[in-house]
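As the structure is a prediction and not an experimental result, all values here were calculated from the model.
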Amino acid sequence: MVKENFRKLCGTQVDQSVSVELELTDKPNGPNSSDAKYISWLEEHPSALTSFNSMMTTMQGKQIVVFLDYDGTLSPIVSDPDRAFMSDPMRSAVREVAKHFPTAIISGRSRDKVYGFVKLDEVYYAGSHGMDIMGPPLHVIKKSYDHSKYQTNTLDEKGNEFTIFQPAKEYLPSIKKMLKELKNRTCDVPGALVEDNRFCISVHYRHVLDEDYGMLEEIIKDVVLEYHPCFHLTRGKKVLEIRPSIEWNKGDALLYLLDTLGFSDSNNVLPFYLGDDKTDEDAFKVLGSRGQGYPIIVSTTPRDTAASHSLRDPSDVMSFLLRLARWAEGLP
Ligand SMILES: O=P(O)(O)OC[C@H]1O[C@H](O[C@H]2O[C@H](CO)[C@@H](O)[C@H](O)[C@H]2O)[C@H](O)[C@@H](O)[C@@H]1O
């Protein structure tokens, strides 16, 4: 019964890191079958580097806005989540892009943690899968978004004005309780790591032995069921994430930021969204349904995706950002 409920909570989502592993080891048609699959997938999701010039032909007269995921996009996936540092060259590339175009980072991490990794004041940040947004000050731009209940205008330490938008504010007391409970109950599962992402919680199992995984899953589903239906569970790369059950995801965060930047109904905006994980698919779909911009998936393996284009890894992402910045300067 509990298991059934747990399946309901998780939906039919598949842990992509698991499917990637299967893909790499299961090569029924010989050693090159995964390469062949990747090549045919590339035909449907061409590289944003090789398609760069043709993409740019649609840019004329349009305002580019750049949205970036963090883990797996601006920083490679590493075994210790606290050490997913951004390289200096990547930081420079993001800084270059942000000089020319409004740029935002939308991550599952807490906003403070992403800022701690990126350390750039010239970009906007949306943490907790978009449930904690630091965006442009609302009084200076056209505002068509009515979420004043969750918005506050404020100043940063340097006196810059900005707006904080937190649509899951009222869930904070429950999240704190869950966090404590999860930390207490998982401390006997070797390798399990509970990460506080402020408006959501990640439980990492990358270092949990296969034989202990079931026990960890049982603990998490017990805790989530206690708070169900106010919270639900989603899956990422070797991580289970507990999130408030509000209708708000990275796609909504993208729309909110476009709106606060003054582009809610504009046909003259061209958003790029670069991301590697399932949660980024919500943003890809939003761009698809607006029929605007370029959703770009970062992946070395073929994946089911709503993205139109692809990049292989963070190093490709860096090349793409530098190319975009050069294009803005009128350089080839
Ligand atoms: O939306 P994102 O910025 O992509 O954040 C999603 C999750 O990323 C982090 O976990 C993932 O990256 C870790 C570091 O490379 C890796 O160790 C882990 O296995 C991955 O799942 C982050 O720690 C999570 O809290 C985010 O939700």
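Using a 4.5 Å heavy-atom cutoff, the side chains of Ile219 and Asp222 are not in contact. Residues Leu324 and His100 have side chains not in contact (no heavy-atom distance under 4.5 Å, counting atoms from C-beta outward). Contact annotation: the side chain of Phe320 never approaches that of Asp316 to less than 4.5 Å [non-hydrogen atoms, C-beta and beyond]. Residues Ile297 and Arg303 are in side-chain contact: their nearest non-hydrogen atoms beyond the backbone lie under 4.5 Å apart. Val223 places none of its side-chain heavy atoms less than 4.5 Å from the side chain of Phe231. Looking at heavy atoms from C-beta onward, Val97 lies out of side-chain contact with Leu68 at the 4.5 angstrom threshold. Pro190 is listed as a side-chain neighbour of Asp212, based on a closest heavy-atom distance under 4.5 Å. Between Glu195 and Lys113 there is a side-chain heavy-atom pair separated by less than 4.5 Å.
Closest approach of Leu257 and Pro136 over heavy atoms only: CD2-CD, 4.3 Å. For the pair Ala307 and Glu281, the tightest heavy-atom approach, listed with the atom from each and the gap, is N-OE1, 4.4 Å. The two atoms that bring Pro271 and Phe67 nearest to each other are CB-CE1, 4.0 Å, heavy atoms only. Taking all atoms of both residues into account, the shortest heavy-atom contact from Val123 to Ala98 is CG1-CB, 3.9 Å. Counting all heavy atoms, side chain and backbone alike, Asp196 lies closest to Arg198 at OD1-N, 2.9 Å. Taking both residues in full, the closest heavy atoms of Pro295 and Leu287 are given as N-CD1, 3.9 Å, listed atom of the first, atom of the second, then distance.
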request  = Starting from the C-alpha separation in whole Å, work towards a yes-or-no answer on side-chain contact (heavy atoms from CB on, under 4.5 Å) for Tyr70 and Ser75.
outcome  = CA-CA 6 Å; Tyr70 185 73; Ser75 139; 3.7 Å; yes

request  = Given ring pair (Phe, Tyr, Trp, His ring centres under 6.0 Å), test Phe199 with Tyr171 step by step and report yes or no.
outcome  = CA-CA 7 Å; Phe199 292 95; Tyr171 292 78; 9.1 Å; no

request  = Could you go through the side-chain contact (heavy atoms from CB on, under 4.5 Å) check for Val203 and Val239 one step at a time?
outcome  = CA-CA 6 Å; Val203 184; Val239 69; 5.8 Å; no

message = Go through it in stages, so that I can follow the logic: the residues are Arg290 and Leu255, the test is side-chain contact (heavy atoms from CB on, under 4.5 Å), and I'd like the CA-CA distance, side-chain angles, deciding distance and then a yes or no.
response = CA-CA 10 Å; Arg290 275 172 76 108; Leu255 286 175; 3.4 Å; yes

key: Intermediate values then yes/no, salt bridge (charged side-chain N to carboxylate O under 4.0 Å, His left out), Asp282 and Lys250   = CA-CA 6 Å; Asp282 294 319; Lys250 287 186 173 189; over 6 Å; no

key: Verdict with supporting geometry, Tyr273 and Tyr294, ring pair (Phe, Tyr, Trp, His ring centres under 6.0 Å)   = CA-CA 6 Å; Tyr273 186 103; Tyr294 291 105; over 10 Å; no

task = Let me see the working for Met86 and Val94 under side-chain contact (heavy atoms from CB on, under 4.5 Å), right down to the final yes or no.
result = CA-CA 10 Å; Met86 188 185 203; Val94 176; 3.6 Å; yes

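For Ser299 (side chain) and Thr301 (main-chain N/O), a donor-acceptor pair under 3.5 Å exists by modelled atom type. At distances below 3.5 Å, not a single donor-acceptor pair connects side-chain atoms of Trp248 with backbone N or O atoms of Ala168. At distances below 3.5 Å, at least one donor-acceptor pair connects side-chain atoms of Ser54 with backbone N or O atoms of Ser51. Using modelled atom types, no side-chain atom of Asn184 and backbone atom of Glu181 make a donor-acceptor pair closer than 3.5 Å. The backbone N or O of Ser79 lies less than 3.5 Å from a partner atom in the side chain of His207, making a donor-acceptor pair. Formation of a donor-acceptor pair under 3.5 Å by the Thr50 side chain with backbone atoms of Pro46 is not found in this model. When atom types are taken as modelled, the side chain of Arg323 and the backbone of Phe52 share no donor-acceptor pair closer than 3.5 angstrom.
A salt bridge links Arg235 and Glu217; the closest N-O separation between the charged side-chain nitrogens and carboxylate oxygens is under 4.0 Å.
Of the N and O atoms on the side chains of Glu122 and Thr103, not one donor lies less than 3.5 Å from an acceptor on the other residue. Of the N and O atoms on the side chains of Tyr115 and Asp121, at least one donor lies less than 3.5 Å from an acceptor on the other residue. Between Ser110 and Asn197, the side chains place no donor N or O within less than 3.5 Å of an acceptor N or O (distance only, hydrogens not considered). A donor atom on one side chain and an acceptor atom on the other are not found under 3.5 Å apart for Tyr213 and Glu218.
Note: Leu331 CG to Arg326 CZ = 5.0 Å, rounded to the nearest 0.5 Å. To the nearest 0.5 Å, atom OG1 of residue Thr186 and atom NZ of residue Lys183 are 9.0 Å apart. Atom CD of Gln151 and atom NZ of Lys169 lie 10.0 Å apart (nearest 0.5 Å). Of the inter-residue distances, the one linking Thr234 atom OG1 with Glu241 atom CD reads 4.5 Å to the nearest 0.5 angstrom. Note that CD1 of Ile296 and CG of Leu311 are 5.5 Å apart. Values are rounded to the nearest 0.5 Å. The CG atom of Leu270 sits 10.5 Å away from atom CZ of Phe263, with the distance rounded to the nearest 0.5 Å.
Residue-environment remark: CG (Asn160) exceeds the threshold of 12 foreign heavy atoms within 6.0 Å.
Taking the ring axis of Phe117 as reference, the NZ or CZ atom of Arg91 does not stay both within 45° of it and closer than 6.0 Å to the ring centre.
The salt bridge (Lys or Arg N to Asp or Glu O under 4.0 Å) test with Lys237 singles out one residue from Asp276, Asp277, Asp69, and that residue is Asp276. Evaluated for a side-chain contact (heavy atoms from CB on, under 4.5 Å) with Ile164, the options Asp132, Asn153, Ile133 yield exactly one hit, Asp132. A side-chain contact (heavy atoms from CB on, under 4.5 Å) with His129 holds for exactly one of Pro244, Cys200, Ser107; it is Cys200.
Note on Ile64: it clusters hydrophobically with Val317, by side-chain heavy-atom contacts below 4.5 Å among ILVMFWY residues. The hydrophobic cluster containing Leu274 does not contain Leu42, counting ILVMFWY residues as joined when their side-chain heavy atoms lie under 4.5 angstrom apart, directly or transitively. Residues Ile77 and Met90 do not share a hydrophobic cluster, clusters being chains of Ile/Leu/Val/Met/Phe/Trp/Tyr side chains in contact below 4.5 Å. Criterion: ILVMFWY side-chain heavy atoms under 4.5 Å apart, direct or through other members. Under it, Val65 and Met59 are not part of a common hydrophobic cluster. Under the 4.5 Å side-chain heavy-atom criterion for grouping Ile, Leu, Val, Met, Phe, Trp and Tyr, Ile106 is connected to Ile246 within one hydrophobic cluster.
Phe162 and Tyr124 have their aromatic ring centers separated by at least 6.0 angstrom.
The aromatic rings of Tyr256 and Phe165 sit parallel to each other, their planes meeting at less than 30°, with 60° as the upper class boundary.
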